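Within every chain, numbering begins at 1; the chains are lettered A, B, ... in the order of the sequence lines, protein sequences first and strands thereafter. Computed from a predicted model, the values in this text were never measured in an experiment.
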Amino acid sequence: MTSHEGSHIVPLRVNWYVYAALLALTALTVAVAYMHFIFLHVVVALVVATAKAALVMLYFMHLRWASKTVIAMVLTMVTLLAIAIGFTFFDVAYR
Amino acid sequence: MNEHARTHDAETPRIGMWLFLFTEVLLFGGLFLLYAVYLHRYPDAFHLAGQGLDRPHGALNTVVLITSSLSMALAVTALQQGNGRAAQRRLLVTLALALTFLLVKYFEWSSHIHEGIYPQGPELLKLPPGEMIFFNLYYLMTGLHAVHVIIGSGVILFTLHKISVGSVNADNPAFLENAGLYWHLVDLVWIYLFPLFYLVV
């Protein structure tokens, strides 16, 4: 049996580290929201949210240990979503 | 072929679940696109309307959902290691946190509804179009998300039952793993909803 056929067991310790990182990023994004002098707060909020999403997907959703098939599927999905949201938004924004 | 040596296929149900999650991502993705377009059109109105949301409640619910994701991840690890009892305990924690999330959301929504701020509500209709759109999107997106929390809670209950009767166990954990994937997706959606509605504006 090859490794990708079974289920990877994520050590409890790793789950707790990811949890701590997610809490720290939440605190960061809330703190940034109260700093009115930061003009790029939309960008900062989205970058922090994406960092949190990446942690959840890689560790809690086991993508770090997923098969090539699943990883290819997810990357395709992310690309399609970026095209759908990105291109439509730019079309509306510069109309 | 030795039937007893056959291991359960974990990859096929996993791929099926991811395919389902993609349809969920497109569902919410369309709404996020709507949000982006209206934020671009009415930045000042979104800013004003966003002041009306309660940041501490939103932050609390973010911590609640992240913690529920942790307990779900811990439940998956426990079951894979053969500890069904621990998996069940952690699923109960996840379930309790899901209900906590819904309770906080209930308080938030009822305070807005009391003020007449709800779709077609008397106070909402007096607001300029940008702020009206902000609150309509807020109710639509957090409402759809709350429906997912409720469905996820049902899935967790069903998983608890399946572990109890022994049909989900260390040799066959796919159902719990997929319930976990669904639950983490619900968390992922909130990870974007929270800053977009409570913080950005």
Side-chain angles (χ1 to χ4, degrees), chain A residues 1-2 4-16 18-20 22-23 25-27 29-34 41-46 48-57 59-63 66-67 69-70 73-74 76-78 80-82 84-86 88-89 91-93, chain B residues 7-12 14-15 17-19 21-22 25-26 28-30 32-33 36-41 43 50 55-56 58-59 62-63 66-67 69-74 76-81 170 173-174 177 180-181 183-185 187-189 191-196 198-201:
Chain A
M1 181 164 135
T2 52
H4 71 262
E5 280 171 7
S7 303
H8 183 87
I9 299 181
V10 183
L12 292 181
R13 188 169 32 86
V14 172
N15 285 325
W16 282 100
V18 172
Y19 177 62
L22 288 172
L23 287 185
L25 286 169
T26 303
T29 195
V30 171
V32 167
Y34 283 102
H41 58 309
V42 178
V43 176
V44 171
L46 285 178
V48 172
T50 303
K52 287 165 75 180
L55 280 173
V56 169
M57 294 206 291
Y59 292 93
F60 286 172
M61 297 173 94
H62 296 194
L63 275 188
S67 67
T69 314
V70 170
M73 282 165 60
V74 172
T76 308
M77 174 66 224
V78 170
L80 289 177
L81 186 69
I85 292 188
T88 316
F89 180 73
D91 177 57
V92 172
Chain B
T7 50
H8 286 276
D9 170 31
E11 181 75 353
T12 310
R14 189 178 301 144
I15 286 177
M17 192 64 199
W18 275 104
L19 281 175
L21 293 189
F22 294 163
V25 168
L26 286 178
F28 280 102
F32 279 116
L33 175 58
V37 169
Y38 281 118
L39 172 65
H40 182 263
R41 186 174 297 177
R55 276 183 185 168
T62 303
V63 173
I66 288 174
T67 311
S69 256
L70 169 73
S71 60
M72 176 55 92
L74 294 175
V76 171
T77 298
L79 189 74
Q80 287 171 338
Q81 289 172 339
E177 286 175 8
L181 285 177
W183 193 255
H184 297 311
L185 183 90
D187 188 23
L188 280 181
V189 171
I191 281 175
Y192 283 96
L193 283 180
F194 170 59
L196 286 179
Y198 292 81
L199 301 181
V200 153
V201 289

Pick from [options]: which one has the most heavy-atom pairs with chain B under 4.5 Å?
options	result
A/I9, A/I85, A/V92	A/I9
A/M73, A/M57, A/H62	A/M73
A/L12, A/T29, A/T88	A/L12
A/V18, A/L63, A/L25	A/L63

Atom group of [X] that falls short of 4.5 Å from chain B, counting heavy atoms:
X	result
A/T26	side chain
A/L55	neither
A/L81	side chain
A/A84	backbone

For [X], is it the side chain, the backbone, both, or neither that has a heavy atom closer than 4.5 Å to a heavy atom of chain A?
X	value
B/T67	both
B/S69	both
B/L188	side chain
B/L21	side chain

Point to revise | Pairs of heavy atoms under 4.5 Å with chain A: top-ranked of B/Q81, B/H40, B/M72, B/R41 | key: B/H40

**Study point:** Partner chain A: residue of B/T77, B/L74, B/L70 with the largest heavy-atom pair count (under 4.5 Å)
**Key:**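 Between B/T77, B/L74, B/L70, the count favours B/L70.
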
Check your understanding: Mind checking whether A/L46 and B/L196 have side chains closer than 4.5 Å, heavy atoms only?
Key -> yes

Review point. Would a 4.5 Å heavy-atom cut-off, applied to side chains only, mark A/M77 and B/W18 as touching?
Key: no

Check your understanding: What residues form a side chain to side chain contact (heavy atoms under 4.5 Å, CB included) with A/V78, not counting sequence neighbours?
Key -> A/V74

Exercise for review: Could you please spell out the steps behind the side-chain contact (heavy atoms from CB on, under 4.5 Å) verdict for A/V70 and B/E11?
Suggested key: CA-CA 9 Å; A/V70 170; B/E11 181 75 353; 3.7 Å; yes

Exercise for review: Determine, step by step, whether B/I66 and A/F60 satisfy the side-chain contact (heavy atoms from CB on, under 4.5 Å) criterion, reporting the C-alpha distance in whole Å, the side-chain angles of both residues, the deciding distance to 0.1 Å, and the verdict.
Suggested key: CA-CA 11 Å; B/I66 288 174; A/F60 286 172; 5.5 Å; no

Review point. What is the minimum heavy-atom distance between B/A36 and A/F89, and which atoms define it?
Key: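 Nearest pair, atom of B/A36 first, then A/F89: O-CE1, 3.2 Å.
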
